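These notes concern the structure reproduced below.
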Amino acid sequence: TGASASVFVNPAGASRLIVLAPGELVQEGNTATGGKLASAIPNPVTAGASIMITVKSADAFYNLASSNTLVSLTPVDPAAPASSFNDPYSTAPASMNLVGGQATFSVIPVMGESKLTKWVSSGTYFPAAASGAVAVSPSGVVKLQILLPGETAAPGRPHYNVGISSGGKTGAPAQQTAGTPASIVVRAVDNFWNRTAAAPSVLVFSTGAFDAPNPKSFTLTAGSATATWTFVTASTGGYSLWATDQASALTVSTSPAVVVGPAAADRLQVLLPGETAAPGKIAAPAGKTGTPAVWFAGQTQQITVNAV
């Protein structure tokens, strides 16, 4: 038996890309893993933290090979726009040329609610390649989020301001019916609307004058809680709810106005002169304010009867 002299093997021309998230390592010649060391997995990161994604050029067998081609990097896979690994709310960095077969991009993931994110790179005449799946967790709790029926949480979705914000959710409040309980959700979230594990005690208030109890108090579990709210007064202009924590440590969240329609009529209301209808008022005299004016014999009076 015998052995040959060492043979130096040069890479072929660059025709592939290797995309490395922090924690991933190159293993040249490993075509099964796309040129990566299988045991080297991406490091977990926090939403809002800047991380570096490295793109390298390689030959068909994933040996590193120099190239100066222009490459792009995106958090949304163009070939799979509905992939669960996408982060459509993270900003894609500007394209750049490889220098000596390498480029490094700074990216900021923002979706961090039980999320795995991949970054996809492509270049002229180079097929697309993806980083490993990076586990992104929420950052610290900073604010509350209130969701009404018709609204759905969308972690990472801008804008990140508070108050009446369209950020962190999709949809619009559905019209409610007076007297019918509506499910509301309150979440303790980070700056990017990712649910955290915080469990504050919260108060929910309504602009509806006769809603009761107002406020309603409850405690979140693992950053979320579902409660019911009953609007009692019909209004085409609608009412808003807002949530605050009892320690006043988190930023208040306010819902858009929700239109409230009347329930089906099931009784009659009689209003005498001096009385005014007060929809939703349950304290005596229910449904009205004022007291009847003094009548004088022989005078004609106007009496109003409402179906309510």
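All of these numbers come straight from a predicted model, not from anything done at the bench.
- Formation of a donor-acceptor pair under 3.5 Å by the D77 side chain with backbone atoms of V120 is not found in this model.
- With hydrogens and angles left out, the side-chain atoms of Q269 and N306 include a donor and acceptor closer than 3.5 Å.
- The shortest side-chain heavy-atom distance between R157 and S166 falls under the 4.5 Å cut-off.
- One N or O on the side chain of D190 and one on the backbone of S139 form a donor-acceptor pair closer than 3.5 Å.
- Under a hydrophobic-cluster definition in which Ile, Leu, Val, Met, Phe, Trp and Tyr are linked whenever side-chain heavy atoms come within less than 4.5 Å, directly or via other members, L250 and L220 are assigned to the same cluster.
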Check residues 39-47 and write down every donor-acceptor pair under 3.5 Å in which the side-chain atom is one partner and the other belongs to a residue at least two apart or another chain.
none

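- Residues V107 and V136 are members of one and the same hydrophobic cluster, defined by side-chain heavy-atom contacts under 4.5 angstrom among Ile, Leu, Val, Met, Phe, Trp and Tyr.
- Counting only heavy atoms from C-beta outward, the side chains of I53 and V19 approach each other to under 4.5 Å.
- Hydrophobic clustering of Ile, Leu, Val, Met, Phe, Trp and Tyr side chains at less than 4.5 Å, counting indirect connections, keeps V189 apart from V141.
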- Task: Take I184 and L241 through the side-chain contact (heavy atoms from CB on, under 4.5 Å) test and state the conclusion after the steps.
- Result: CA-CA 10 Å; I184 62 172; L241 300 181; 3.9 Å; yes

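- In this structure, S131 OG and L17 CG are separated by 12.5 Å, a value rounded to the nearest 0.5 Å.
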- Query: So F85 and T117, side-chain contact (heavy atoms from CB on, under 4.5 Å) or not? Walk me through it.
  - Reply: CA-CA 5 Å; F85 293 111; T117 299; over 6 Å; no

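- Counting only distance, with no hydrogens or angles, the side chain of T196 and the backbone of G140 share no donor-acceptor pair below 3.5 Å.
- By the rule that hydrophobic residues join a cluster once side-chain heavy atoms approach within less than 4.5 Å of another member, M52 and L98 end up as members of separate clusters.
- Around the OH atom of Y160, the shell of radius 6.0 Å holds more than 12 heavy atoms that belong to other residues, nucleotides or ligands.
- Between the side chain of T233 and the backbone N or O of P279, at least one donor-acceptor pair lies under 3.5 Å.
- Looking at residues two or more places apart in sequence or on another chain, you find a ring pair (Phe, Tyr, Trp, His ring centres under 6.0 Å) between F205 and W242.
- Under the 4.5 Å side-chain criterion, counting only non-hydrogen atoms from C-beta, N30 is not in contact with F61.
- When side chains are defined from C-beta on, E151 counts as touching P256, because their heavy atoms get closer than 4.5 Å.
- The ring pair (Phe, Tyr, Trp, His ring centres under 6.0 Å) test applied to Y62 returns no partner, not counting sequence neighbours.
- Of the possible donor and acceptor atoms, none in the side chain of E113 sits under 3.5 Å from a partner among the backbone N and O of M111.
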- Message: Run S57 and F126 through side-chain contact (heavy atoms from CB on, under 4.5 Å) and show every step you take.
- Response: CA-CA 9 Å; S57 55; F126 285 66; 4.2 Å; yes

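- At a threshold of 4.5 Å between side-chain heavy atoms, the hydrophobic network of Ile, Leu, Val, Met, Phe, Trp and Tyr places V308 and V305 in two separate groups.
- Heavy-atom minimum distance, G156 versus Y89: O-CB, 3.1 Å.
- Side-chain atoms of Q176 and P149, non-hydrogen and from C-beta on, do get closer than 4.5 Å to each other.
- Note: L73 CG to W119 CH2 = 8.5 Å, rounded to the nearest 0.5 Å.
- For the residue pair A133 and L116, the shortest heavy atom distance occurs at CB-CB, 4.1 Å.
- Here the side chains of K288 and L271 are in contact, with some heavy-atom distance below 4.5 Å.
- With hydrogens and angles ignored, the 3.5 Å screen pairs no side-chain donor or acceptor of R16 with any backbone N or O of A129.
- How far OG of S114 is from CZ of R195: 6.5 Å, rounded to the nearest 0.5 Å.
- Between the Q302 side chain and the P273 main chain, no donor and acceptor come within less than 3.5 Å of each other.
- Between K56 and S67 there is no side-chain heavy-atom pair separated by less than 4.5 Å.
- Within the structure, the ring-ring contact (aromatic ring centres under 6.0 Å, His included) test picks out no pair touching residues 284-308 (sequence neighbours left out).
- Checking side-chain atoms of D59 against main-chain N and O of A12 turns up a donor-acceptor pair under 3.5 Å.
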- Message: Before you tell me yes or no, could you show the steps for F105 and T54 under side-chain contact (heavy atoms from CB on, under 4.5 Å), namely the whole-Å CA-CA distance, both residues' side-chain angles and the distance that decides it to 0.1 Å?
- Response: CA-CA 6 Å; F105 296 85; T54 300; over 6 Å; no

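- Sequence neighbours left out, not one pair with a member in residues 79-88 passes side chain to side chain donor-acceptor pair (under 3.5 Å).
- Pairs passing the salt bridge (Lys or Arg N to Asp or Glu O under 4.0 Å) check and including a residue from residues 27-50, sequence neighbours excluded, read E24-K36.
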- Query: Taking it one step at a time, do S50 and S106 satisfy side-chain hydrogen bond (donor to acceptor under 3.5 Å, both in side chains)?
  - Reply: CA-CA 6 Å; S50 176; S106 176; 2.8 Å; yes

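- For the pair W229 (side chain) and L148 (backbone), a donor-acceptor distance under 3.5 Å is absent.
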- Taking it one step at a time, do T289 and T276 satisfy side-chain hydrogen bond (donor to acceptor under 3.5 Å, both in side chains)? CA-CA 5 Å; T289 58; T276 302; 4.5 Å; no

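- Looking at T226 and S183, their side chains never bring a donor and an acceptor atom within 3.5 Å of each other.
- Side-chain atoms of D245 come within 3.5 Å of backbone N or O of S248 as a donor-acceptor pair.
- Between V270 and I303 the shortest side-chain heavy-atom distance falls below 4.5 Å.
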